[in-house]
Amino acid sequence: MTRNFTQLYLHCVWGTWDRLPLVTPDIQNIIYNAIVKQCNDLGCTVIAIGGVADHVHLLTGYPPNLTVSELIGKAKGSSSHLVTHEIKPGTFFKWQGGYGAFTVSERGIDTVANYIRNQAQHHSGKNLVSDWEI
């Protein structure tokens, strides 16, 4: 093989501090856009992003030179900085320290992406995949 070939997909989940409902409707899309921008800057391809007021799910294709902790740390950091310094200065906004990360096969992408895009419905109907909800 003359070049490298990778096909890496990651489903990431992280919550707000103490699971407080900090991702309010007025800033949800701004937060998601900041996360997508950071992912793009890191060479990732965002497939799906979604969540509810106390956590975010992200499905992304990512390059082999990027660690999971770097991807999630920078996504969390850039979005938190945006909220606390530009969108709502002086307002409390913080992500919890931990996260969940799950590899996804190519065959599983649509299932996971649909789960992420329909977070509000899954949470309202209690139709959750417990392993994916940290």
Side-chain angles (χ1 to χ4, degrees):
M1 190 172 248
T2 60
R3 63 179 178 90
N4 296 332
F5 174 78
T6 61
Q7 198 171 51
L8 307 171
Y9 303 102
L10 192 68
H11 175 194
C12 311
V13 186
W14 63 88
T16 57
W17 188 257
D18 285 342
R19 296 306 282 249
L20 295 169
L22 302 176
V23 183
T24 54
D26 61 320
I27 62 171
Q28 184 181 52
N29 285 335
I30 295 167
I31 291 170
Y32 292 172
N33 288 336
I35 292 168
V36 169
K37 181 185 180 321
Q38 183 63 61
C39 289
N40 290 338
D41 290 349
L42 292 169
C44 298
T45 303
V46 174
I47 299 165
I49 189 167
V52 291
D54 68 354
H55 70 278
V56 171
H57 290 258
L58 171 70
L59 176 60
T60 185
Y62 69 102
N65 62 331
L66 183 64
T67 66
V68 173
S69 60
E70 183 181 7
L71 166 63
I72 297 172
K74 289 190 177 200
K76 288 165 61 174
S78 64
S79 57
S80 180
H81 184 271
L82 178 67
V83 172
T84 60
H85 289 84
E86 294 181 36
I87 306 305
K88 290 188 169 185
T91 301
F92 179 80
F93 184 90
K94 187 175 180 180
W95 298 114
Q96 66 184 347
Y99 60 83
F102 312 91
T103 56
V104 178
S105 70
E106 186 176 23
R107 287 187 307 269
I109 290 173
D110 288 341
T111 299
V112 175
N114 286 332
Y115 182 80
I116 290 170
R117 289 183 189 116
N118 294 302
Q119 277 291 288
Q121 293 94 331
H122 292 305
H123 281 271
S124 68
K126 305 293 185 209
N127 183 17
L128 305 173
V129 177
S130 61
D131 287 344
W132 295 347
E133 299 291 335
I134 59 168

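In this text, all values refer to a predicted model and were calculated from it rather than measured experimentally.
- A search for side-chain contact (heavy atoms from CB on, under 4.5 Å) contacts involving Pro25 returns nothing, not counting sequence neighbours.
- Summarising the geometry, atom CG belonging to Leu8 is positioned 10.5 Å from atom OG1 belonging to Thr60; distances are rounded to the nearest 0.5 Å.
- Among the candidates Thr84, Leu20, Leu82, the single residue satisfying the side-chain contact (heavy atoms from CB on, under 4.5 Å) test with Phe93 is Thr84.
- Side chains of Lys76 and Val56 form no contact here, defined as non-hydrogen atoms less than 4.5 Å apart.
- Checked against side chain to side chain donor-acceptor pair (under 3.5 Å), Ser79 has the following partners two or more places apart in sequence or in another chain: Trp95.
- Taking the six-membered ring where tryptophan is involved, the planes of His57 and Tyr115 are perpendicular, since the angle between them exceeds 60° and thus also 30°.
- In terms of the side chain to side chain donor-acceptor pair (under 3.5 Å) criterion, Glu70 has no residue partners (sequence neighbours excluded).
- With sequence neighbours left out, the side-chain contact (heavy atoms from CB on, under 4.5 Å) criterion links Glu106 to Gln7, Tyr9, Ile109.
- At least one donor-acceptor pair under 3.5 Å links the side chain of His85 to the backbone N or O of His81.
- Applying the side-chain contact (heavy atoms from CB on, under 4.5 Å) test to Ala101 and every residue at least two apart in sequence or in another chain returns Leu10, Val68, Ile72, Tyr99.
- Closest of all the heavy-atom pairs between Thr6 and Pro64 is OG1-CD, 3.6 Å.
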Please tabulate, for the side chains in residues 35-49, all donor-acceptor contacts under 3.5 angstrom to protein atoms that are two or more places apart in sequence or on a different chain.
{"unit_1": "Lys37", "atom_1": "NZ", "unit_2": "Asp41", "atom_2": "OD2", "d": "2.9"}
{"unit_1": "Asn40", "atom_1": "ND2", "unit_2": "Val36", "atom_2": "O", "d": "3.4"}

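- Residues that satisfy the salt bridge (Lys or Arg N to Asp or Glu O under 4.0 Å) test with Asp18, not counting sequence neighbours, are absent from this structure.
- Residues passing the side chain to side chain donor-acceptor pair (under 3.5 Å) test with Tyr32, sequence neighbours excluded: Gln28.
- For Asp26, the side-chain contact (heavy atoms from CB on, under 4.5 Å) partners at least two apart in sequence or on another chain are Thr24, Lys88.
- Lys74 pairs by the side chain to side chain donor-acceptor pair (under 3.5 Å) definition with nothing, not counting sequence neighbours.
- Within the 4.5 Å cutoff, the side chain of Trp14 has heavy atoms near those of the Leu58 side chain.
- The salt bridge (Lys or Arg N to Asp or Glu O under 4.0 Å) search around Lys94 returns none, not counting sequence neighbours.
- The two residues Ala34 and Ser78 make their nearest non-hydrogen contact at O-OG, 4.0 Å.
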